[in-house]
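A short write-up of the structure that comes next.
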2 protein chains.
Amino acid sequence: MPAEPQPASPIKDFDGFVALLRQRRPTLPKRLKQVADHALAHLDDMAFGSTAQIAERAGVQASTLVRFAQALDYSGFSEMQEVFRSRLRRQVVDHRERLAALRGTQAATGGAVALLEGFVHASETSLTQVKAAIRPADLDAAVTLLAGARTIVLVGARRMFPIVSYLAYAFGKLGIRAVLVDNVAGLGPEQAAIAGPGDVVLAVSYAPYAAMTVEIAAAAHRRGVPVLALTDSALSPLAENCRLWLEVAEADYGAFRSVAATFAVAMTLAVATAEKSGLSADPDLDR
Amino acid sequence: MPAEPQPASPIKDFDGFVALLRQRRPTLPKRLKQVADHALAHLDDMAFGSTAQIAERAGVQASTLVRFAQALDYSGFSEMQEVFRSRLRRQVVDHRERLAALRGTQAATGGAVALLEGFVHASETSLTQVKAAIRPADLDAAVTLLAGARTIVLVGARRMFPIVSYLAYAFGKLGIRAVLVDNVAGLGPEQAAIAGPGDVVLAVSYAPYAAMTVEIAAAAHRRGVPVLALTDSALSPLAENCRLWLEVAEADYGAFRSVAATFAVAMTLAVATAEKSGLSADPDLDR
DNA sequence: CGGCGGGCGGAATGTTTATTCCAATCTACG
DNA sequence: CGTAGATTGGAATAAACATTCCGCCCGCCG
């Protein structure tokens with residue numbers, strides 16, 4: 001063979017890798033076949049292990065692993081391992097890579113389109129994640145809580161005010177009693193004070209947590225009002241002062257974080273609550 | 001140090017780790033808190049990254065990561081990283097099980113998860129469309145228009161109020177003069193009347209078009225104030241009364257329409273305008 | 001039967017890794 | 001305002017790492 005059979009085709013996605021492996025396996029020498037079989041049978045070993053560990057478990061030499069990767073057109077073991085890792089990663093990787101790529105195109109296009117792609121991609125990432133991360137039991141518990149409320153009091157400020165103002169709109173359309181704490185005239189705490197034990201406070205806040213939201217939620221929780229929180233991590237001050245909380249992770253692009261996943265969850269809560277309450281929505285209420 | 005403060009309790013499961021972190025966080029020094037926040041926000045970074053990579057992304061020194069792990073009773077970074085990795089290992093198996101479990105619970109739970117998937121899907125569709133449908137030249141023209149404005153007046157009502165309230169937040173953070181027409185006390189038209197020829201009115205409305213938004217936009221247009229519209233079709237009343245309009249198509253699920261694409265466009269406008277104006281954003285303004 | 005070449009194991013290599021250490025800096029309290 | 005302790009950044013270090021290299025082995029064809 002005078003020239004390289006494969007000049008350069010380092011397959012990045014896992015499915016493509018499996019396909020390539022199936023195709024090449026027959027022509028592979030004994031030890032390399034052995035590695036191939038081990039790889040497909042121990043996927044996360046391949047993702048997390050080092051050459052030494054994997055080699056021992058597969059019953060081969062560490063150098064064989066490198067040869068295996070190179071036989072599949074990768075530059076080395078590490079590059080191949082990335083395929084196994086990307087499979088486990090929650091899409092955040094290629095978010096980073098794209099971000100870097102975007103920086104390049106930005107200059108040429110004037111930047112606005114590149115920014116749009118960045119925000120779109122951050123939103124897509126967030127949506128993918130929320131599907132996997134939401135625990136159905138928690139979601140159902142949240143809906144049950146809301147459906148049992150006499151009045152739902154909506155609290156959110158700054159970045160999250162859009163979410164609660166949307167919820168106020170949606171609940172209104174769906175015929176569910178909800179009041180929006182909009183903090184007009186600085187009366188936020190007073191607006192929220194109408195919440196009693198038969199009501200539910202729905203508080204939304206992500207880092208950095210708006211003081212007003214945290215205080216109102218904490219006060220309600222202290223008074224024995226059920227508080228349902230939408231927040232971004234277990235460390236959130238909201239998570240400590242509530243009856244139940246839903247965790248929604250949003251991806252960010254540049255200095256701005258997506259709100260797509262939070263909106264999807266908010267819409268779900270609104271509609272599911274309406275269904276549970278047995279109220280039928282105005283048929284063409286949102287067109 | 002004569003005796004270990006903690007004899008040995010290296011927490012192995014991820015949920016336990018989060019709980020521990022939540023408990024210890026208040027007593028942690030600044031940099032370690034920073035690591036804690038980054039860790040929870042970038043879980044797979046923690047699982048796959050090396051100390052050098054993670055440290056850079058978290059804005060700390062590699063040694064700080066080791067100290068962080070040790071502050072949480074691990075022998076070092078590597079031991080702690082195993083927690084993040086084991087979580088992903090589980091997830092692989094989990095994923096199949098969960099999917100099967102979902103199918104089962106769906107009927108029983110009344111379908112909250114199914115609703116979520118529906119809304120997520122509608123959002124994803126909208127995002128895909130907007131990437132293809134937006135014309136870069138229009139987007140750039142919109143940014144140029146906004147960047148030249150003395151003050152940006154934001155108009156949107158009902159379903160679109162979340163968009164403009166978000167824009168008010170974003171522009172504020174970016175140091176761009178913008179006022180939100182929130183129609184408090186029914187003063188919407190008066191609030192919008194401050195807009196003069198050097199300003200720009202940014203109006204957002206989708207069918208069925210809110211009367212207030214349409215009227216304010218038309219009035220401004222008549223007065224010679226540049227109006228930039230975000231709307232859903234060429235037939236929109238907004239499209240007739242403006243200097244420039246961007247078309248954004250949103251998919252709907254059930255009676256509710258996604259807002260994901262509109263949000264992505266709104267964020268783009270905000271950041272691109274800031275960049276064009278030559279103002280640098282507060283580096284960690286939205287975290 | 002003998003030589004040739006791909007395949008392989010294992011040591012050698014240079015790089016990257018986690019970790020430790022110490023000096024500089026900051027913080028809090030007197 | 002000053003000092004003791006905690007906190008931090010950054011260089012130093014040693015272990016682990018992926019990778020390369022070399023020589024041996026084994027099977028195939030002449």
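Scope of the values below: all heavy atoms of this structure, side chains included, with no hydrogens, waters or symmetry mates. Fair warning: this is a prediction, and the values are worked out from it, not measured in the lab.
Listed candidates were D:dG9, C:dT20, C:dG7. Nearest to the side chain of A:P29 is C:dG7. If you check D:dT19, C:dT17, C:dG7 against the side chain of B:T51, the one that comes closest is C:dT17. Comparing C:dA18, D:dT19, D:dC17 by their closest approach to the side chain of A:S50 singles out D:dC17.
For A:R159 and A:E250, the salt-bridge test fails: no basic side-chain N is under 4.0 Å from an acidic carboxylate O.
For a distance-only test at 3.5 Å, the side chain of B:R67 qualifies as a donor-acceptor partner of the base of D:dG9.
One atom, CZ of B:F77, and another, C1' of C:dT19, lie 12 Å apart when rounded to the nearest Å. Regarding B:F68, its CZ atom lies at a distance of 14 Å from the P atom of D:dT7, rounded to whole Å.
Phosphate proximity of C:dA18 to B:S78: absent, as no side-chain N or O sits under 4.0 Å from OP1 or OP2. Contact annotation: A:Q61 side-chain N/O to C:dC8 OP1/OP2 distance is not under 4.0 Å. Close to D:dT19, at under 4.0 Å from its OP1 or OP2, lies no side-chain N or O of A:Q70.
B:Q61 and B:T64 are not linked by any side-chain donor-acceptor pair at a separation below 3.5 angstrom, with hydrogens and angles left out of the test.
As judged by a 4.0 angstrom heavy-atom cut-off over every strand, A:S63 is placed among the base-contacting residues.
Note that CZ of A:F48 is 13.5 Å distant from OG of A:S50, once rounded to the nearest 0.5 Å.
You'll find the ring centres of B:F263 and A:F263 inside the 6.0 Å limit.
Of the two residues near DNA chain C, B:A52 and A:K30, the one whose nearest nucleotide lies more 5' is A:K30.
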